[in-house]
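Report on the following structure.
Computed from a predicted model, the values in this text were never measured in an experiment. When a residue number appears, it is its place in the shown sequence, counting from 1.
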Amino acid sequence: MYVADSRSSKAPVAPAETRPGRREAADGPRPGDGPRSDGRRTAVRAAVPGTVVALGVVSLVTDVSSEMVSAVLPLYLLTGLGLSPLGFGMLDGIQNGFSAVVRLLGGHLADRRGRDGAPRHKAVAAVGYGLSALCKPLLLLVHTVPLIGAVIAVDRTGKGLRTAPRDAMISLATEPAHRGRAFGVHRAMDTAGALLGPLTAFLVLRLAGGPMLADGGQQQGYHAVFAVSGCVAVLGVLVLLLFVPNRLDAGETSGGAATSGGAEPASDNRPRLRDGLALLRIPGLRRLTVCAVLLGLTTASDSFLYLLVQRRLGLSVEYFPLLPLGTAGAFLLLAVPLGALADRIGRRRLFLAGHGVLLLAYGLLLSPLDGPAAVVCVLLLHGSFYAATDGVLAAAAADTVPAERRGAGLALVGTGQALARFACSLAFGALWSAVGGTTALTWSALALAGCVTGAAFVLREPAAAAAPVAAPGEPAPTTDDSEVPS
């Protein structure tokens, strides 16, 4: 029996909240209660249950492994194997799009219940993490572009399979009033792994083969990175198997959970794949998905933004590889406080505000300002955008989906957003080639401003469909995101 099987993922019940930012007094002291400061620490622990922390560790370790490979793979393919930049871009784009589609399958499979009546969130997530771990050592055995492309496809399949089940486990393990904070903690740990991965790859290359040069001795350094990455990925799978419970509290996953917008709960334990699309009949989920897609269609990829930062703000080429670290650092610092802020002021409201912050970053890039200060400001705004939208969107989507279809619902929103951003990258690249980067960014900024305005109008409408879905017997938390029916 795994260590995690003897644990419960259910978070301790925090004091009920009737309005954002205001707490009701507790019914009475509990045995062992300390001073008010101890109570505050207990509330924080209640907001972030052990399952969320364990999943955060899994994501941190897995991201260290993945980013180790991502940091060296472009150079390995372009200089070591002679792949053209266009070929690499097409390969990377196709695999990212494929990963987004596979996410729907992962959410569907995770919601299917096993013989014990429990969803298979952990099992599907374990398969996803396991596939990615298997791909790292396979890179040691393949040396042609088609085979490497196949290995990358399997790796992205694993990523697509695990994303929705993982987010479903986070939402189901956390009290509805604290989902924003919980997702913020997870995303912060995930981003810490993204920061450590390239640094680890750099150290491994230095120890194994010296500088990254396309000569015969350089293969040894790359192979060392792939081998160490595989070992780190296996560690992440072990943490998942040993410390994440197999099944959540029965109250969170029962089919009797209230659904949003009058949607009927699933009537059997083997939902069909097309039932995932039927979730769009839930008004709150439908509005959130449409807005996520529209906003994704106007969100330029990170690579294009970094290129514009380097060219328009006068950044030296030698510092270009450090730009993603600036965004990740801001994301890491702000993910938890902005997640907690979303719990207080409303998740959809903060999600829209995050895109407003991205619009400010676009405006700064289009302004006559330049120099290091402008670079820092753009990266800070870019990281703030991710901190205010990434985990917050998942928390907002979880509020609209019944527990028994949580995986499919989160996959639906995430897939729509990912495909929209992929389409935006293709369109932005074509526009850049036709009219130049500055004009392309100007048009994207205007489109983003229009979409933010339209999304604010759509999401401002109060509806019972957007009410957070609570477990039976628990009061649904009231936020300014939604209205709980009387």
Side-chain angles (χ1 to χ4, degrees), residues 67 70-79 81-103 145 148-149 152-153 155-156 159-160 194 292-315 317 319-328 355 357-367 375 378-379 381-383 385-386 389-390 414-452:
E67 294 302 324
S70 298
V72 302
L73 192 61
L75 193 61
Y76 178 62
L77 292 174
L78 296 176
T79 63
L81 301 182
L83 185 65
S84 69
L86 177 61
F88 176 75
M90 292 181 63
L91 177 66
D92 186 64
I94 292 173
Q95 305 306 334
N96 279 317
F98 184 68
S99 172
V101 174
V102 172
R103 188 181 303 186
V145 173
I148 291 177
I152 294 175
D155 176 75
R156 297 300 169 87
K159 179 177 176 61
V293 169
L294 289 177
L295 293 169
L297 286 173
T298 56
T299 302
S301 73
D302 296 353
S303 299
F304 286 126
L305 184 136
Y306 297 144
L307 286 171
L308 286 168
V309 167
Q310 189 272 321
R311 296 185 181 188
R312 289 192 54 81
L313 302 184
L315 182 70
V317 175
Y319 297 114
F320 182 81
L322 299 179
L323 293 178
L325 299 182
T327 295
H355 285 84
V357 170
L358 180 63
L359 191 59
L360 291 178
Y362 288 175
L364 187 57
L365 276 175
L366 294 171
S367 73
V375 173
V378 170
L379 295 180
L381 291 171
H382 195 223
F385 156 70
Y386 278 117
T389 58
D390 189 7
T415 298
Q417 184 190 55
L419 291 177
R421 288 182 175 177
F422 173 60
C424 179
S425 295
L426 296 179
F428 193 93
L431 195 59
W432 186 324
S433 300
V435 298
T438 301
T439 304
L441 183 64
T442 301
W443 290 8
S444 295
L446 293 174
L448 178 59
C451 287
V452 169

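Leu448 CG to Leu294 CG: the interatomic distance, rounded to the nearest 0.5 Å, is 11.0 Å. Here the OG1-CZ distance, from Thr298 to Arg421, works out to 9.5 Å after rounding to the nearest 0.5 Å. To the nearest 0.5 Å, atoms CG (Leu419) and SG (Cys424) are separated by 13.0 Å. In this structure, the separation between OG on Ser70 and CD1 on Ile152 is 9.0 Å, given to the nearest 0.5 Å. For the atom pair NE2 of His382 and CG of Leu323, the computed distance is 10.5 Å after rounding to the nearest 0.5 Å. Considering OH of Tyr362 and OG of Ser444, their distance stands at 6.0 Å, rounded to 0.5 Å.
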* Would Tyr386 and Asp302 count as a side chain to side chain contact (heavy atoms under 4.5 Å, CB included) if you check the C-alpha gap in whole Å, the side-chain angles of each, and the deciding distance to 0.1 Å? -> CA-CA 11 Å; Tyr386 278 117; Asp302 296 353; 2.5 Å; yes
* Steps toward side chain to side chain contact (heavy atoms under 4.5 Å, CB included) verdict (Tyr306, Leu379) -> CA-CA 9 Å; Tyr306 297 144; Leu379 295 180; 4.0 Å; yes
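When side chains are defined from C-beta on, Thr299 counts as touching His355, because their heavy atoms get closer than 4.5 Å. In this structure, the side chains of Thr438 and Arg312 come closer than 4.5 Å at one or more pairs of heavy atoms. Considering only heavy atoms from C-beta on, Leu359 stays 4.5 Å or farther from Val452 through its side chain.
Side chain of Thr415 to backbone of Ala100: a donor-acceptor contact under 3.5 angstrom is found. Counting only distance, with no hydrogens or angles, the side chain of Ser367 and the backbone of Leu364 share a donor-acceptor pair below 3.5 Å.
In this structure, Arg103 and Ala418 approach most closely via the heavy-atom pair NH2-CB, 4.4 Å. What you find for Ala445 and Leu366 is that their closest heavy atoms are CB-CD1, 4.5 Å.
Within a 6.0 Å radius of CH2 in Trp443, other residues, nucleotides and ligands contribute 12 heavy atoms or fewer.
The side chain to side chain contact (heavy atoms under 4.5 Å, CB included) test with Leu441 is passed by exactly one of Leu365, Leu305, Leu446, Leu431: Leu365.
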